Amino acid sequence: MSADERARMVERQLRRRGIADERVLAAMQRVPRELFVPPELRDAAYADAALPIGDEQTISQPYMVALICEQLALRGGERVLDVGTGSGYQAAVLAELADEVHAVERIPELAGQARANLAAAGYEDRVRLHVGDGTLGIPECAPFAAIAVAAAALEAPPALYEQLEPRGRLVVPVGGAGGQWLEVVVRTPEGPAVVRTVPCRFVPLVAGR
Ligand code: SAH
């Protein structure tokens, strides 16, 4: 049963590896990940891995989704942005943690899939999906308390930093072929406060259309 598989995932892949935010663990326990993977990969939905979703893109590993959410330090009530929506899974987890979720995906076919997945899982009213270049953010919906980026950039996109609220947090994988780090960037009166957290491997963030 998928709820049992989910409970095992939360215990073994998340809690044991140090994810401690109970709201994040509860959100990961609630979102049915099997509805966000291609039908032929349903049996692998709770594997400790990223999985292919088409167009050379992947649904992120559960641990990375949880880690990004934990680093965003959400308490409920926030407006947030999910950049690189892919399957829609991270957007659904964010919808469990915040109040208003905007999500942006550049590949229209994947955005269509994400829309269908989010509807199948019951999140269609809680996530507003945009199609376009997420490196530009969504200026008309800014500012955001938190922004999650699920694709790697050579540097944190300046437009995303500009769309953060004061003390807002941006989590973004930064780096190229030589390796990437997950960075947490906090907007402060003195400018960006950047902390490198863990090494990671994400598909590239592609600017432009
Ligand atoms: N959070 C997603 C991860 C999908 S992989 C999930 O768990 O399913 C990253 C996604 O970022 C891909 O779908 C890719 O098409 C998208 N992407 C890459 N560059 C982008 C950009 N500039 N704007 C929006 N989406 C982008």
Side-chain angles (χ1 to χ4, degrees), residues 6 9 13-14 24 27-28 31-39 41-42 44-72 80-98 101-121 123 127-139 141-142 144 146-161 163 170-176 180 182 200-209:
R6 239 174 359 252
M9 169 194 82
Q13 299 179 36
L14 308 184
V24 171
M28 297 291 293
V31 180
R33 183 169 165 93
E34 68 276 11
L35 299 184
F36 292 87
V37 303
L41 292 178
R42 290 252 154 102
Y46 294 94
D48 186 14
L51 297 170
I53 56 171
D55 285 284
E56 298 178 7
Q57 306 302 321
T58 55
I59 175 172
S60 307
Q61 180 194 24
Y63 174 72
M64 274 298 161
V65 174
L67 186 63
I68 289 174
C69 288
E70 185 168 69
Q71 292 178 344
L72 291 174
V80 305
L81 176 63
D82 175 60
V83 175
T85 301
S87 67
Y89 178 67
Q90 167 117 42
V93 176
L94 288 170
E96 293 284 352
L97 295 168
V101 181
H102 293 267
V104 56
E105 168 56 50
R106 67 180 283 275
I107 300 178
E109 292 73 23
L110 289 182
Q113 260 178 43
R115 187 166 280 123
N117 295 343
L118 287 162
Y123 290 94
V127 177
R128 206 170 123 206
L129 195 58
H130 308 254
V131 181
D133 180 3
T135 62
L136 305 175
I138 307 287
C141 301
F144 301 99
I147 302 178
V149 184
L154 292 175
E155 57 166 0
L160 297 184
Y161 181 79
Q163 290 172 35
L170 164 65
V171 177
V172 55
V174 173
Q180 305 164 4
L182 199 60
C200 57
R201 206 164 98 202
F202 282 83
V203 297
L205 185 70
V206 181
R209 300 223 55 176

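Whatever order the structure lists them in is the order used to number ligands and atoms, beginning at 1. Because the structure is a prediction, the values reported are computed rather than measured. We use all heavy atoms of the structure for the numbers below, so side chains are in, but hydrogens, waters and symmetry mates are not.
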Give the residue, atom name and distance (to 0.1 Å) of the protein heavy atom nearest [atom].
atom	value
atom 13 (O) of ligand 1	Glu105 OE1, 2.7 Å
atom 8 (O) of ligand 1	Ser87 OG, 2.6 Å
atom 22 (N) of ligand 1	Val206 O, 2.6 Å
atom 9 (C) of ligand 1	Ala150 O, 3.4 Å
atom 11 (O) of ligand 1	Gly84 CA, 3.1 Å
atom 7 (O) of ligand 1	Ser60 N, 3.2 Å
atom 14 (C) of ligand 1	Gln57 OE1, 3.3 Å
atom 23 (N) of ligand 1	Gly134 N, 2.7 Å

Next item on the list: Could you tell me how the ring of Phe144 sits relative to the ring of His102: parallel (under 30°), tilted (30 to 60°) or perpendicular (over 60°)?
Entry: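 Perpendicular: the ring planes of Phe144 and His102 meet at over 60°.
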Margin query: Are Met28 and Cys69 packed together at the side-chain level, in the sense that at least one heavy-atom pair is separated by less than 4.5 angstrom?
Written below: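 No, their side chains stay 4.5 Å or more apart.
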Notebook entry, point to check: Do the side chains of Leu35 and Asn117 get nearer than 4.5 Å, heavy atoms only?
Noted result: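 Counting from C-beta outward, Asn117 and Leu35 never come under 4.5 Å.
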Ignoring hydrogens and angles, tell me if any N or O in the side chain of [X] forms a donor-acceptor pair with the backbone of [Y] under 3.5 Å.
X	Y	value
Gln71	Ala148	no
Asp55	Gln57	no
Gln180	Phe202	yes
Thr85	Val104	yes

Using a strict cut-off of 4.0 Å, indicate which atoms of ligand 1 neighbour a heavy atom of [X].
X	result
Thr58	3 (C), 4 (C), 5 (S), 8 (O)
Val104	24 (C), 25 (N)
Leu110	13 (O)
Gln90	1 (N)
Thr135	22 (N)

Can you tell me which portion of [X] lies within the under-4.0 Å heavy-atom range of ligand 1? Options are side chain, backbone, both, or neither.
X	value
Asp133	both
Pro204	backbone
Arg106	both
Ile107	side chain

Check: Does atom CZ of Arg201 have more than 12 heavy-atom neighbours, drawn from other residues, nucleotides or ligands, at distances under 6.0 Å?
Finding: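 No, not enclosed.
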Check: When you look at Arg6 and Tyr46, which way does the side chain to side chain donor-acceptor pair (under 3.5 Å) test go after all the steps?
Finding: CA-CA 7 Å; Arg6 239 174 359 252; Tyr46 294 94; 2.9 Å; yes
Notebook entry, point to check: Looking at Val171, Val174, Leu170, which one forms a side-chain contact (heavy atoms from CB on, under 4.5 Å) with Val149?
Noted result: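 Of the listed options, the one satisfying the test is Leu170.
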Separation between [atom1] of [X] and [atom2] of [Y], rounded to the nearest 0.5 Å:
X	Y	atom1	atom2	value
Ile59	Arg33	CD1	CZ	4.0 Å
Leu129	Leu110	CG	CG	10.5 Å
Cys200	Tyr63	SG	OH	11.0 Å

Check: Would you say ligand 1 has an N or O under 3.5 Å from any N or O of Tyr89?
Finding: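 For ligand 1, there is no N or O atom that lies under 3.5 Å from one belonging to Tyr89.
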Margin query: Ile59 versus ligand 1: do any nitrogen or oxygen atoms come within less than 3.5 Å of each other?
Written below: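 The answer is no, given that Ile59 and ligand 1 share no N or O pair closer than 3.5 Å.
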Check: For atom 2 (C) of ligand 1, which of Thr85, Val65, Val203 has the closest heavy atom?
Finding: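 Comparing heavy atoms across Thr85, Val65, Val203, the nearest one to atom 2 (C) of ligand 1 lies in Thr85.
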Margin query: Taking only non-hydrogen atoms of Gly132, do any sit less than 4.0 angstrom from ligand 1?
Written below: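 The answer is yes, since Gly132 has a heavy atom less than 4.0 Å from ligand 1.
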